[in-house]
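What follows is one structure encoded as structure tokens, with my remarks underneath.
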Amino acid sequence: MEAALSLLEEVRRIVDAVPSGQVITYGEIASLVGVHPRQAGRLVARLEDDSPWWRVVYSDGSPATCHDGAARTLLREEETPMCGERVDVRRLLEQRRSS
DNA sequence: CGGATGACGACAC
DNA sequence: GGTGTCGCCATCC
């Protein structure tokens, strides 16, 4: 049934569902929508700028290279658990599990 | 129609 | 732990 929704709309719903201080990886989105990571990145890029695209990070926790690193600043303002310049993915997973 | 490109991921060194 | 390379798929020229 979800298949009736466009992949772009599915991705948008997933990204929009990510709370502040939390992040999601492209691989997670790709797995959720059932597409390859490359396509997941393409879909996120095609999302409207009003969606929290900065909460979408790489599998290693590094923020998207786009927007001249603006994602890093936004994540920091969101009190996202960071490890230097990278998001502490391990801690995010644990926090998500505790949620 | 063919080749190059890109908001990625996993693997090898 | 960091860097480099390949694979995969859709879109652009």
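First the proteins, then the strands, lettered A, B, ... as listed; each starts at 1.
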- Item | Close residues, residues 62-71 of chain A, relative to DNA chain B [heavy-atom separation under 4.0 Å] | A:Cys66, A:His67
- Contact check, residues 74-96 of chain A vs DNA chain B, heavy-atom distance under 4.0 Å, returns none
- Query: Would you say A:Arg91's side chain and A:Pro81's backbone share a donor-acceptor pair under 3.5 angstrom?
  - Reply: no
Contact check, side chains of [X] and [Y], non-hydrogen atoms, under 4.5 Å:
X	Y	result
A:Met82	A:Leu75	yes
A:Gln22	A:Leu92	yes
A:Ile24	A:Ile29	yes

Check: protein-nucleotides 10-13 of chain C nitrogen or oxygen pairs below 3.5 Å:
residue: C:dA10; atom: N3; partner: A:Arg42; partner atom: NH2; Å: 3.4

- By side-chain hydrogen bond (donor to acceptor under 3.5 Å, both in side chains), which residues pair with A:Ser20, not counting sequence neighbours? A:Glu78
- Item | Set of salt bridge (Lys or Arg N to Asp or Glu O under 4.0 Å) partners for A:Arg96, sequence neighbours left out | A:Glu28
- Task: Quick one: list whatever passes salt bridge (Lys or Arg N to Asp or Glu O under 4.0 Å) with A:Asp50, sequence neighbours left out.
- Result: A:Arg12
- Query: Rounded to whole angstrom units, what separation is found between the CD1 atom of A:Ile29 and the C1' atom of C:dC9?
  - Reply: 16 Å
- How long is the line joining CG of A:Leu8 and C1' of B:dA7, in whole Å? 13 Å
For nucleotides 9-13 of chain B, print each protein N/O atom paired with a nucleotide N/O atom at under 3.5 Å, atom names and distance only.
residue: B:dG9; atom: OP1; partner: A:Gly27; partner atom: N; Å: 3.0
residue: B:dG9; atom: OP1; partner: A:Ser59; partner atom: N; Å: 3.4
residue: B:dG9; atom: OP2; partner: A:Ser59; partner atom: N; Å: 3.1

Using the test side-chain contact (heavy atoms from CB on, under 4.5 Å), find all partners of [X] that sit at least two apart in sequence or belong to another chain.
X	value
A:Arg76	A:Arg72
A:Val89	A:Leu93
A:Glu9	A:Leu5, A:Ser6
A:Asp60	A:Tyr58, A:Ser62

- Message: Quick check for you: to the nearest 0.5 Å, what is the distance between A:Ile14 atom CD1 and A:Ser51 atom OG?
- Response: 11.5 Å
- Partners meeting ring pair (Phe, Tyr, Trp, His ring centres under 6.0 Å) with A:Trp53 (sequence neighbours left out): A:His67
